[in-house]
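See structure below.
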Amino acid sequence: MKRTGRKNEWSLTLFAVGVMVFFPPLMNLFDKPTLVLGVPLAYLVLFGAWGVIIAGIWLGVRPSAPPPSKTARDGGE
Amino acid sequence: MAHSVLIVEDEPNIALSLQFIMKRAGHVVRVAGDGDAALQAMAAAAPDVVLLDIMLPKRDGLSVCEAIRANAAWKGVKILVLSAKSRESDREKALGLGADDYLTKPYSTRDVCDRVNRMLGLEGGCGPSAGAV
Amino acid sequence: MQGGLVALVSVAYLGMLFAIASFGDRRAEQGRSLTNNPYIYALSIAVFCTSWTFYGSVGLAARSGLDFLPIYLGPTLVFVVWPVVWVKIIRICKVNRITSIADFISSRFGKSSRLGGLVALIAVIGTTPYISLQLKSVATSFEIITGTVGADGWGLGALGAFGLDTTFVIALALAVFSILFGTRHIDASEHHEGIVAAIAFESIVKLFAFLAVGFFVTFGIYDGFSDLFHKARDAGLQKLFTVSDGGGYADWVTMILLSMLAIICLPRQFYITAVENADENHLRKAVWLFPLYLLAINVFVLPIALGGHMAFGGTGNADMFVLTVPIHHGQETLALFAFIGGLSAATSMVIVAAIALSTMVCNNIVVPLLVNRRWVDLERQGDLTGLLLTIRRTAIVGVLILGYGYYRFASGSYSLVTIGLVSFAAAAQFAPAIIGGIFWKGASLKGAMTGLALGAAMWAYTLLLPSFAQSGWLPIRFLDYGPFGIEFLRPYALFGMEGFGTLSHALFWSMLVNIGAFVIVSLLDRQSTIERIQGALFVDVFEHTEDLRDERFWRGSATVGALRDLTGRFVGEDRATTAFQSFALAQGRELAPDSAADSRWLDLAEKMLSGAVGSATARVMIGSVVKGGIVRLDEMYKILDETSQAIRYSRMLETKSRELEDTTQQLQSANERLKELDSLKDDFLNTISHELRTPLTSIRAFSEILTDTPDIESGQRTHFLDVIRTESERLTRLIDQVLDLAKLEAGQMEWSVEAVDPCPSVKGAVAAMDALIRERKVAVILDVPKSLPKVRADRDQLMQVMINLLSNAVKFCRNPNGEVRIEADVRDGFLSISVTDNGDGIPPEHRDGVFEKFHQFNRGSDRMPRGTGLGLAICRHIVTYLGGDIRVGDNPKGSGARFTFTLPTA
């Protein structure tokens, strides 16, 4: 598997986002018992951010410009 | 009374000259040609002064000097080393072994005379100078 | 619900798992791998979700709201940076054919078996609470689901009569199951495809079971999320809606960090993610599928917890809400499904952990012990498979019994999550060695060893021992007042550090000593060669392997052809081919290059290679081919080449240092020679000085005497003047000779070499010495033929030689009847002239020395005649220059010495 610098940058950015959301002090902002759209704010934000990050990973691993041999190999899976 | 001098010298001509000036100064003189002979002469009769060469056959002068100083009976014997060895270290070595004085060849006979007299506690210069001048 | 039914369903479920595993193994044998699939891979990683997730998360949520989330957010963050972490670890595992986390760490740090053993030991101890957690959850859930309709005395209850409790039976059942699954055979590549398939299936079951309960609670009991949360708020459960109810985020952050480390360092996670990975490309899907799985299984945790709270009014075991809530609402089938889900969560963890641990115990503890202690002669014992399987099976049983023991004696007072976190903290101790090991080449064996040992000790002191204390195994005073009443050492407030949760506290101290020791010792330590090599292989793994992607790597095992080629490159292709063919024939088979090579082929290749490159290297090379060729042959050559270069270099160094030594020695001897020459020169000058001073002394003394003694007798005066004259002559002669010698030695003498008649020179010399001869009363006999052939010589120098020899002979011939004989002879084109005296002669030990300048020795007891000590030296110089030689011997006719020199005739 060829790893490119681009992929590392993307994953590190995503990691930074995750650390920001999941760690204080940003957590103080939404860690409140109020219900938004019928669910607790913290629950909504944490699961929402989680989902966004997973989507981010998915975006990062999509073979954006795969070398020809690579697609052939992936096709075999 | 006359003092006795033992000349230890292997060069006959040098021994002759020393013998002459010592006699002239009024001393009783004996001559030994090598180290062993010197110690034999010492044993026979201890002199007041020994004029000692260093480069001697059989037993060198330093060894003779040491032997003299090792014997308590010869405590009062004065030793004047006369050597062709001119380095300061040779001089120190000889004095270290108990020599009383050290003169480097070629010396002045007048010096030799003076030093011997001083060792013997005699006043004034050598006898001949009085006669000479 | 009837216990019998539950037991039956459970057994049926386990049977199904077994069927799936067998199917997976069969497919693998057929080469149609079931698990060579990213989805199966992702689901197998979900072994992370155990009964802790299935039951414990809900319990935790019911107690403190969203605090259950960090355990899943942490792993998600690690998978975010998968290109940095996972690809590297997986690549390293494939390249080095790693079979476990202990293998990984020991391999990184110079293949140290002691480190591997330590890791395995910590892994076993650290995993024990985790396994006990699974046992506890299965036992509790079993009791709950059978107890709701009243135990009918059937099933496991009956076993109680035999003194066995439910949990022990379950532990044994899981042990048997793990043995059946994990140790059916020893696979060279340590891949267990059947297990992976079964684990993936279990992940599906537990996910759907949990989702089913979640759906039921959220949409069956309540009218969706909004309704549920509103009703919960109305019931006063708002404090469960948040992460922190004002107590800060220290534990939250700690748990995220801890779970980040755990997802990498838990032995079973490492095993499933890295070791069982079939294809690096599977990561591409797993890195987002696994976090998605985590998210999915957590969505309903809070709703179920809230539902349970509202159903039981805050009473009841919150850890079992997943079961009790459906039962409370009469959904027995759903409860049974949930039970099976919980069972699958527990069994998957136990099976994988047991297999991973048994591999470590076997490979990193027992086998090294057996080999080192020579309890088993591996060389002689042929097939060790049976022994290895027995060890692993025993290890599995042992691990489960340990887990059961911890459950019985220590885990009673703890919730599921607390027990799990104890294990997490233990696994986290591996993190510095792993993370440091793959990014920092300087990390050393001693550093890893020290850090790991200290970290594990700190973990045991601050988490494991307290859990014993709370269970009454140790006096509880230990917790409150410290050991022996030393409050400073209280395990929950070590060194007086208070105000943190026990977990944060333990993690802080254990990581501080672990990382601190790891870094400091590594910095102070000097790595051995193997450590440096392994360090470079791990840290720079991509540099070795990145360009290999189009080649056939990732092969499961070596082919016979590959082995033959490898061997051929070292022992010669023909020889290798012949050997392989005859080996195949001996087994009654054709040589099939594409067939997989079994251990007999490996043996053959290794033996042949050992002869060529030594056994250690052979083993490495065979290993490289077998492990799938990821370290390709040319890679191997590179290593070999580097090795041989190193050897050549060190040989060069050796040669250089030998040369240097030689040079030093030469310098030393040259220096000594110089010193010698210097002292010779010094001696020479001293001697010259002495020789000059002696006649001068006489001259000066007699001059002064003559001056100071005017009245001297005339006879004496004449004598003294004579002395002055002879001493002056002596002085002059000496000066002349010194100058002559200096000229001769410096090669500046002017020569006029011609055909010379020797007779006039000889006679001239005798005439010149006439005075001395008379004085000494020595008879000189000239016994020379009338005509002598001419010689090639310098007339003056020839004369000089004759004079020197003659004067020596006359002077030293101290015999009353002194006689000096001069003879000449011609032989072989050389004229030889000898001068013989009848004196005392020269002792043999002095004969070599007499020709040295200033060599004088005492020849008698009486006064020694004085020469200058230069005459013979000058003679030798002249004769040698003219092409002859000069030597000294005895007088053939009695005592005395004979000097003979030769000269070439003209």
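Within every chain, numbering begins at 1; the chains are lettered A, B, ... in the order of the sequence lines, protein sequences first and strands thereafter. Source: prediction; values computed, not measured.
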Chain C contact via B:S108 - which portion, at a heavy-atom distance below 4.5 Å: both
Options B:L82, B:N13, B:L18, ranked by heavy-atom pairs under 4.5 Å with chain C, top entry: B:N13
Heavy-atom side-chain proximity of B:V77 to B:V50 below 4.5 angstrom: yes
B:L56 to B:G33 - nearest heavy-atom pair and separation: CD2-O, 4.2 Å
Working for side-chain contact (heavy atoms from CB on, under 4.5 Å), residues C:L805 and C:F901: CA-CA 10 Å; C:L805 289 181; C:F901 70 94; 3.5 Å; yes
Derivation and outcome, side-chain hydrogen bond (donor to acceptor under 3.5 Å, both in side chains), residues C:N804 and C:Q800: CA-CA 6 Å; C:N804 285 350; C:Q800 175 82 54; 3.3 Å; yes
B:F20, part contacting chain C, at a heavy-atom distance under 4.5 Å: side chain
Residue part contacting chain B, namely of C:S689, when any heavy atom lies under 4.5 Å: side chain
Steps toward side-chain hydrogen bond (donor to acceptor under 3.5 Å, both in side chains) verdict (B:R30, B:S4): CA-CA 8 Å; B:R30 286 178 294 159; B:S4 67; 5.1 Å; no
Under 4.5 Å from a heavy atom of chain B, the part of C:I724 involved: neither
